[in-house]
Amino acid sequence: MQARPAMTPISVPPSWGSHSAPPLASVTPPPPCRCPQDPPGLRIGPLIPEQDYERLEDCDPEGSQDSPLHGEEQQPLLHVPEGLRGSWHHIQNLDSFFTKIYSYHQRSGFACILLEDVFQLGQFIFIVTFTTFLLRCVDYNVLFANQPNNRTRPGLLHSKVTLSDAILPSSQCAQRIHSSSLLVFLLILATAFWLFQLLRSVCNLFSYWDIQVFYREALHIPPGELGSVSWAEVQSRLLALQRSGGLCVQPRPLTELDVHHRILRYTNYQVALANKGLLPARCALPWGGSVAFLSRGLALNVDLLLFRGPFSLFRGGWELPDAYKRSDQRAALAARWRRSVLLLAVVNLALSPLVLAWQVLHAFYSHAELLRREPGALGTRRWSRLARLQLRHFNELPHELRARLARAYRPAAAFLRAAAPPAPLLALLARQLVFFAGALFAALLVLTVYDEDVLAVEHVLTAMTALGILATVARSFIPDEQAQSRSPQLLLQAALAHMHYLPEETGPAGKASAYRQMARLLQYRAVSLTEELLSPLLTPLFLLFWFRPRALEIIDFFHHFTVDVAGVGDICSFALMDVKRHGHPQWLSEGQTEASLSQRAEDGKTELSLMRFSLVHPQWRPPGHSSKFLGHLRGRVQQDAATWGANSVRSPPTPGVLSNSSSPLPETFLANLLVQPLLPPQDLSPTAPCPAAATASLLASISRIAQDSSCVSPGGTGGQKLAQLPELASAEMSLHAIYLYQLHQQQQQQELWGEASASSLSRPWSSPPQTLSPDEEKPSWSSDGSSPASSPRQQWRTQRAQNLFPGGFQEPTDTQKEPSQAPSID
């Protein structure tokens, strides 16, 4: 009889947060009960049986107390091997634990975290004290030479003004500060806020010190080697530690997806809210169209309302309260959430002057030197917060998103320059403005070189600075002839390879529409800065007029799209990437998905997220329906590749094409692969060969290369071969994105031709589903089966001019409606 290892119950105080999370050793929950009030189609058992999770049921919450998860006598046991005892064996908030493990790696260790926190606290002190000094301790009459010197100082008059003359004595400075009651009140508030931040930083530093010990003793990664270890390696060691019993005992092995679910529990909800049209906030413009708004302040308020606030849904924990799992309390919960939104909006409105002053000061201190050094810096583009939410996949970590968007930046920016709508009159005026501003600047510069006393003339230096900025801004409106000579289609294709999103080019104004959509994602730095400065004033308005009227939809969203995963807790059902539940028939899921119109993820988000996660984590074994979809995709690629090889004289790239590349970057592979337009033209004939077959041949070739390591850089060292495998996976994902978009566009074009039934006999891809009437296309996901008039999918996807992406994807169609789903009336 074998000796059992020592077991330690989880009974110590939490060391990683006040909210306890379901431990990894949690037992499998009981089978879900089915209640009579559940509408058909919304509760059909577990989404993926292999994942061992259940839907949230409208069951009696008192009955759930009999579950082993709530019993104190049946708490899970943690295995603590000898030699590995530490604070990480008594973790109750595993979300915080895994998040800090990830943050410790991304922030480059404890020393960098400590210095970063110290510098942030010091920066806050500097801004407050320096601003107070400029307001109360400087005699501007002396500084501007309106009087000979500072008469408060004894001594002779000076003919030249010095800094000491303009600075008031400390006693007079303190007296002027005390004389302003408002300034004293603001300084007290700033001190209280700084002390709060200091306390939070100290608590976090203690946690990160334990994380450093965990890295060194459990993962065997000393601080000096952290920079050379990738996150994939850290995650691999973490999973190996759990399998060896170093963390805990649980009913099923810990997978990469479980780790991502804990780190990105709330982020996946935000991505799903954006996919369903509830984020970001939007406002219709008087002259037509709409504008999306998602500043840092508004995102913080949404996080407080939904996830981490004292009156939020999750309240910073891992479990959605039982009240939100019952459909009969949705009205009361929506009313309570409206009151929370109203209270938070009032608080934002009261604090808006202080926040606005802080935003202006921080922006001024941050951008003044940048504008002096690079006057055109505000004319450069950057990915907006909207883009980081709209383009993000489910279960995509922040560093993966940053890397992908960084690769997409150059082709996306080049597309905006090449596809910019012509404005000859504006370009003519800009050229003349550049000429006159440059001439005046040159004259003042020559005079300054001849005699430096010219700078002492009033406002000469100011005029030179303003003329330089004016010329730089005007030059940005002059089109770049070299950029306009490039093909917008190829640039858009290169951007799609990394963005995994393609602006639709519908109608005769398709190019302008794609330009506007891309410009909203990659916006000017000046526009982003303006949004942040106006955020204190606009955030209360959007809370009152966008989120508060949609309280019922938000409550219904969390009720219908939340699942309970054994050992993980309540997560967004979209994060499971279940094609059967949230797939879309127009994205190669036809025949495999049972999702209704309201359950489908828009823009192929489920399929693309599943592909990306499976390629990034090749050791992960997807559950049944997801594995079936991936197998179907591979079979479809092989079929189209064979069709292309039989009907085309073009041959797929050989391994030598990849081995000739000297740069170990995914862009190099794609530059060699995407040498011809792969996206289908708008005037594609029904009898033309399938354009997706060309991409399929490339995919089949690169898949063979990735599986055969000898084909990667033949003759290279083993380290070089291993280093190129992730790049091949990135290139493979890029081609998969292009391939799915090709099939999606071809299916939409077939619908426009009206020859779907005829073409299905002669073309290798599936025929499109039958188009429904506009009323039937409106999604309905209220618990009573009706579609509220304020539904975002009705307001913002009915007319494309008011959508976030005016030329975006067409409303998905469905061949069959669920019996309980009545047509919604707009």
Side-chain angles (χ1 to χ4, degrees), residues 393 493 496-498 500 502 577 579 583-593 604-618 620-622 625-655 657-658 666 669-670 672-680 684 688-708 711-712 725 727-748 750 759-760 762-768:
H393 292 299
Q493 174 180 283
L496 164 65
H498 303 293
H500 306 163
L502 180 66
M577 301 173 295
V579 175
H584 201 293
Q586 291 188 349
W587 294 87
L588 209 63
S589 297
E590 187 174 10
Q592 302 184 43
T593 180
K605 183 74 71 174
T606 300
E607 292 80 4
L608 291 171
S609 299
L610 176 60
M611 283 193 307
R612 190 206 67 84
F613 196 86
S614 62
L615 289 174
V616 174
H617 305 92
W620 175 65
R621 299 182 61 184
H625 299 294
S626 301
S627 179
K628 181 180 179 181
F629 169 80
L630 294 175
H632 175 65
L633 175 63
R634 287 190 293 267
R636 181 63 175 273
V637 168
Q638 296 297 331
Q639 176 185 354
D640 287 348
T643 303
W644 176 258
N647 298 334
S648 176
V649 296
R650 294 174 56 187
S651 59
T654 61
V657 175
L658 300 180
F669 294 132
L670 292 177
N672 292 327
L673 291 175
L674 306 180
V675 294
Q676 297 292 334
L678 298 178
L679 296 179
L684 178 67
C690 173
T695 310
S697 65
L698 296 176
L699 268 174
S701 300
I702 200 172
S703 298
R704 289 192 297 268
I705 295 171
Q707 295 174 1
D708 186 5
C711 296
V712 183
L725 292 179
E727 298 142 20
L728 288 173
S730 177
E732 188 175 0
M733 178 60 209
S734 300
L735 290 177
H736 271 108
I738 295 177
Y739 178 71
L740 275 186
Y741 270 94
Q742 287 175 330
L743 297 180
H744 174 69
Q745 287 186 341
Q746 290 165 2
Q747 192 166 2
Q748 287 185 329
Q750 283 183 319
S759 61
S760 61
S762 58
R763 298 177 68 87
W765 55 84
S766 304
S767 60

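Residues: numbered from 1 along the sequence shown.
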- Task: Please report the shortest heavy-atom distance between Ser589 and Gly583, naming the atom on each side.
- Result: OG-CA, 4.2 Å
- Decide yes or no for Leu588 and Arg636: does some side-chain heavy atom of the first lie under 4.5 Å from some side-chain heavy atom of the second? yes
- Task: Output, in order, the C-alpha distance, side-chain angles, deciding distance and verdict of side-chain contact (heavy atoms from CB on, under 4.5 Å) for Thr695 and Tyr741.
- Result: CA-CA 11 Å; Thr695 310; Tyr741 270 94; over 6 Å; no
- Item | CG-CG distance between Leu496 and Leu735, expressed to the nearest 0.5 angstrom | 10.0 Å
- Query: Out of curiosity, Leu633 CG to Leu610 CG, how far, rounded to the nearest 0.5 Å?
  - Reply: 9.0 Å
- Message: Let me confirm one number: the CH2-OG distance from Trp620 to Ser626, rounded to the nearest 0.5 Å.
- Response: 5.5 Å
- Taking the side chain as every heavy atom from C-beta outward, state whether Leu740 and His736 have any pair of such atoms under 4.5 Å apart. no
- Message: Quick check for you: to the nearest 0.5 Å, what is the distance between Leu615 atom CG and Met733 atom CE?
- Response: 6.5 Å
- Query: Does Ser614 reach the main-chain N or O of Met611 with its side chain, forming a donor-acceptor pair under 3.5 Å?
  - Reply: yes
- Message: Rounded to the nearest 0.5 Å, what separates atom CZ in Arg634 from atom CZ in Phe629?
- Response: 10.5 Å
- Message: Using side-chain heavy atoms (C-beta onward) and a distance below 4.5 Å, is Gln592 in contact with His625?
- Response: no
- Message: Within this structure, what is the OG-CD distance for the pair Ser734 and Gln493, rounded to the nearest 0.5 Å?
- Response: 11.0 Å
- Message: I'd like to check Trp587 versus Thr593 (side-chain heavy atoms, cut-off strictly below 4.5 Å). Are they in contact?
- Response: no
- Message: So, using ring-ring contact (aromatic ring centres under 6.0 Å, His included) as the criterion, who are the partners of His393 when residues are at least two apart?
- Response: His500
- So, Glu607 side chain and His584 main chain: donor-acceptor pair closer than 3.5 Å or not? yes
